[in-house]
Amino acid sequence: MTNAHLRRIVILGGGTAGWMTAAALSRTLAGQEVSVTLVESDAIGTIGVGEATIPTIHWFNRVIGLDEAQFMAETGATVKLGIEFDGWNGADSRYFHPFGTFGPPGDGAMFLHRLIRARADGDTAPTEAYSLTAQAARAGRFARPVADRRSLLSTLGYAYHFDAGLYARYLRGLAERGGVVRHEGIVVDVVQNSASGFVEALRLEDGRRVEGELFIDCSGLRGLLIGETLGVGYDDWSHWLPCDRAWAAPSAPEAQTTPYTRATAAEAGWRWRIPLQHRVGNGYVFSSRFQSEDAARASLLAAMEGPPLAAPRLIRFTPGMRREPWRANVIAIGLSSGFLEPLESTSIHLIQSGIAKLLSLFPSRDCSPLLARQFNRVFGQEMLDVRDFLILHYHATHGRGEPMWRERQEMPLPDRLIERIEHFESSGRIVLGSDELFRDASWFAVLDGQGLRPRDYNPLVAAGPETDNLRQLAALRAEITTTCAAMPSAGRDIAR
């Protein structure tokens with residue numbers, strides 16, 4: 001048997017996607033005779049403006065052996081307990097999408113039906129009262145989840161806010177210490193095998209030739225290898241997700257750090273607010289069909305809580321995904337594989353998801369088309385799952401009369417999303433596939449937060465008097481209040 005194992009991997013592009021990939025590969029391939037080379041140019045900017053993440057990032061941190069305290073110190077990170085949505089149902093409305101779960105430990109999706117029943121029986125407590133994570137976020141408190149499934153603290157979930165530029169620099173250090181070699185330079189030509197179409201080398205501006213057997217395209221929205229070289233098409237999802245521009249600008253840090261992201265609905269899109277240790281990241285994602293770039297810039301500046309520390313930066317994008325993120329011996333990871341606006345902070349997750357699938361389906365030199373098809377199928381399905389969750393936010397709104405929002409409320413929906421909403425409204429059920437990123441608690445937070453109310457609940461929770469269910473929920477609210485009060489300040493954890 002000939003040795004057909006990969007020996008040379010080339011990553012095109014640095015930034016968050018490139019250095020996450022490099023760090024993961026250097027750690028996973030340690031001790032093997034595989035070289036990992038990264039090509040990037042300081043002359044080419046990156047999109048990163050400050051990142052908010054979701055709890056799946058803990059998997060990636062374990063893969064690369066990240067030290068949490070050091071990582072938070074070097075990237076200006078703060079803890080994130082969820083996302084507050086302001087104004088999505090009118091100017092004074094707000095709701096919270098917490099990480100972790102609702103209810104007591106171990107009750108899971110069935111608790112949501114007990115809550116629906118309690119409301120039918122007269123319970124008027126806000127949904128947030130049944131989430132320890134949400135209550136901690138509102139109180140500015142934080143504790144790490146515990147493994148003991150009997151403890152209310154096991155229902156907690158958390159992620160991070162951090163500076164994307166500092167994060168890439170931090171990961172670069174880890175990757176280079178792990179043996180990754182970086183080449184500074186601009187690619188001027190991509191050399192392909194005339195028979196197979198495989199990429200064989202990148203030719204740089206100074207004449208250097210960087211050869212490889214597997215190429216990871218982290219070149220951002222341009223998709224230099226997957227799009228421009230291999231000609232893989234792009235599915236445009238603008239008819240469902242109308243925003244195609246974003247302004248971003250930093251402002252001064254908070255005196256007391258808020259442990260959650262804020263997403264505020266605006267006249268032609270929504271604004272983000274991401275608190276870091278050394279600054280606050282602000283941005284406005286908007287549709288250029290409904291608002292000019294200049295008007296959107298003025299809208300962002302008028303809404304910021306303090307003057308910008310730098311001039312606002314404009315980002316243009318097309319929501320959608322690459323039809324084949326893996327073709328031949330090129331795998332697109334990050335923005336080269338597709339773009340979904342950061343409404344639910346999925347950008348980092350989709351990078352690490354691509355990395356996870358690469359590691360699971362790691363090829364030999366022949367880059368089997370069977371592996372490519374499987375990668376494309378599972379990654380594509382995840383993109384569709386996240387897309388539908390974002391569409392829900394735009395569609396299920398009321399109380400906003402601007403043209404963009406009226407169009408979103410009336411737009412046709414993907415068939416699977418229609419069926420999912422119908423399930424919830426008829427019986428309170430949230431019908432999910434086993435591999436979906438967002439689980440029952442997340443879908444419930446948004447469906448409930450945006451005013452959708454089920455007409456019924458799972459009959460299995462109908463046993464027993466209604467007074468027992470109401471009493472149990474009252475006891476749970478009291479326990480959440482007590483537990484939250486005993487938690488330390490979120491700011492203290494950062495300083496640890």
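Both backbone and side-chain heavy atoms feed into the values below; hydrogens, waters and symmetry mates do not. When a residue number appears, it is its place in the shown sequence, counting from 1.
- I391 places a side-chain heavy atom less than 4.5 Å from the side chain of P414.
- Pairing each heavy atom of C218 with each of T21, the nearest pair is SG-OG1, 4.0 Å.
- Salt bridge annotation for R377-D435: absent, with no cationic side-chain nitrogen under 4.0 angstrom from a carboxylate oxygen.
- Between the side chains of E344 and H393, at least one donor N or O sits under 3.5 Å from an acceptor N or O.
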Query raised in the report: Going through the distances and angles, do Q352 and W59 end up as a side-chain contact (heavy atoms from CB on, under 4.5 Å)?
Result: CA-CA 9 Å; Q352 73 175 46; W59 169 86; 4.0 Å; yes
Requested in this report: For E422 and S426, run side chain to side chain donor-acceptor pair (under 3.5 Å): C-alpha distance rounded to whole Å, both residues' side-chain angles, the deciding distance at 0.1 Å, then the answer.
Outcome: CA-CA 6 Å; E422 289 175 346; S426 67; over 6 Å; no
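- Annotation: side chain of L202 is not in contact with side chain of V188 (no heavy-atom distance under 4.5 Å).
- With no hydrogens or angles considered, a side-chain donor-acceptor pair links S442 and H97 at under 3.5 Å.
- Donor-acceptor pairing under 3.5 Å is recorded for the side chains of Q291 and E267.
- Side-chain contact between L447 and E425 is absent, with no heavy atoms from C-beta onward closer than 4.5 Å.
- Taking the side chain as every heavy atom from C-beta outward, S219 and L225 never approach each other to under 4.5 Å.
- In summary, the aromatic rings of W405 and W270 are positioned with their centroids too far apart to meet the 6.0 Å limit.
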Report task. Show your working on side-chain contact (heavy atoms from CB on, under 4.5 Å) between T78 and Y160 and close with a plain yes or no. Result -> CA-CA 6 Å; T78 60; Y160 312 96; over 6 Å; no
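- The line from CD of E176 to CG of L171 is 11.5 Å long, rounded to the nearest 0.5 Å.
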Query - ring pair (Phe, Tyr, Trp, His ring centres under 6.0 Å) between Y130 and F102, intermediate numbers included - result: CA-CA 6 Å; Y130 296 103; F102 289 95; 8.4 Å; no
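- For the pair R400 and W88, the cation-pi criterion (under 6.0 Å, within 45° of the ring axis) is not fulfilled.
- Side-chain contact between I11 and V39 is absent, with no heavy-atom pair separated by less than 4.5 Å.
- Judged by a 6.0 Å distance limit and a 45° cone about the ring axis, R387 is positioned over the six-membered ring of W240.
- Side chains of E51 and T16: a donor-acceptor N/O pair is absent below 3.5 angstrom, by distance only.
- Under the 4.5 Å side-chain criterion, counting only non-hydrogen atoms from C-beta, R94 is in contact with E84.
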Report task. Could you check R316 against D244 for salt bridge (charged side-chain N to carboxylate O under 4.0 Å, His left out), going step by step and ending with a plain yes or no? Result -> CA-CA 6 Å; R316 298 185 176 95; D244 59 354; over 6 Å; no
Report task. List the steps and the verdict of salt bridge (charged side-chain N to carboxylate O under 4.0 Å, His left out) for R279 and D163. Result -> CA-CA 9 Å; R279 62 173 171 80; D163 183 304; 3.1 Å; yes
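- Of all heavy-atom pairs spanning S347 and L340, the tightest one is OG-O, 4.2 Å.
- Of the N and O atoms on the side chains of T258 and E254, at least one donor lies less than 3.5 Å from an acceptor on the other residue.
- When all heavy atoms of R420 and E436 are compared, the pair lying nearest together is NH2-OE2, 2.7 Å.
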Report task. For salt bridge (charged side-chain N to carboxylate O under 4.0 Å, His left out), just list the numbers for D448 and R453, CA-CA rounded to whole Å, side-chain angles, deciding distance to a tenth of an Å, and then say yes or no. Result -> CA-CA 7 Å; D448 178 78; R453 296 290 180 263; 3.2 Å; yes
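- Pairing each heavy atom of A134 with each of F96, the nearest pair is CB-CD2, 3.8 Å.
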Report task. Could you check R182 against E184 for salt bridge (charged side-chain N to carboxylate O under 4.0 Å, His left out), going step by step and ending with a plain yes or no? Result -> CA-CA 7 Å; R182 176 187 182 273; E184 164 69 28; 2.7 Å; yes
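- Taking the centre of each ring, F60 and H349 stay at or above the 6.0 Å mark.
- Here R327 pairs with E324 in a salt bridge; the nearest charged N to carboxylate O distance falls below 4.0 Å.
- Ring-centre distance between F162 and F71: below the 6.0 Å cut-off.
- Between G223 and D217 the shortest heavy-atom distance is C-OD2, 3.5 Å.
- A pairwise comparison of heavy atoms in L371 and P363 identifies CD1-CA, 3.7 Å as the closest pair.
- Between R262 and I83, every side-chain heavy-atom pair lies at or beyond the 4.5 Å cut-off.
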**Report entry** V280/R273 under side-chain contact (heavy atoms from CB on, under 4.5 Å): CA gap, chis, key distance, verdict
**Finding:** CA-CA 7 Å; V280 172; R273 185 180 185 279; 3.7 Å; yes
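- Taking 4.5 Å as the limit, every side-chain heavy atom of Y260 sits out of range of all side-chain heavy atoms of Y158.
- Between Y95 and Q450, the side chains place a donor N or O and an acceptor N or O closer than 3.5 Å (distance only, hydrogens not considered).
- Checked against a 6.0 Å centroid threshold, the rings of F438 and W443 do not count as neighbours.
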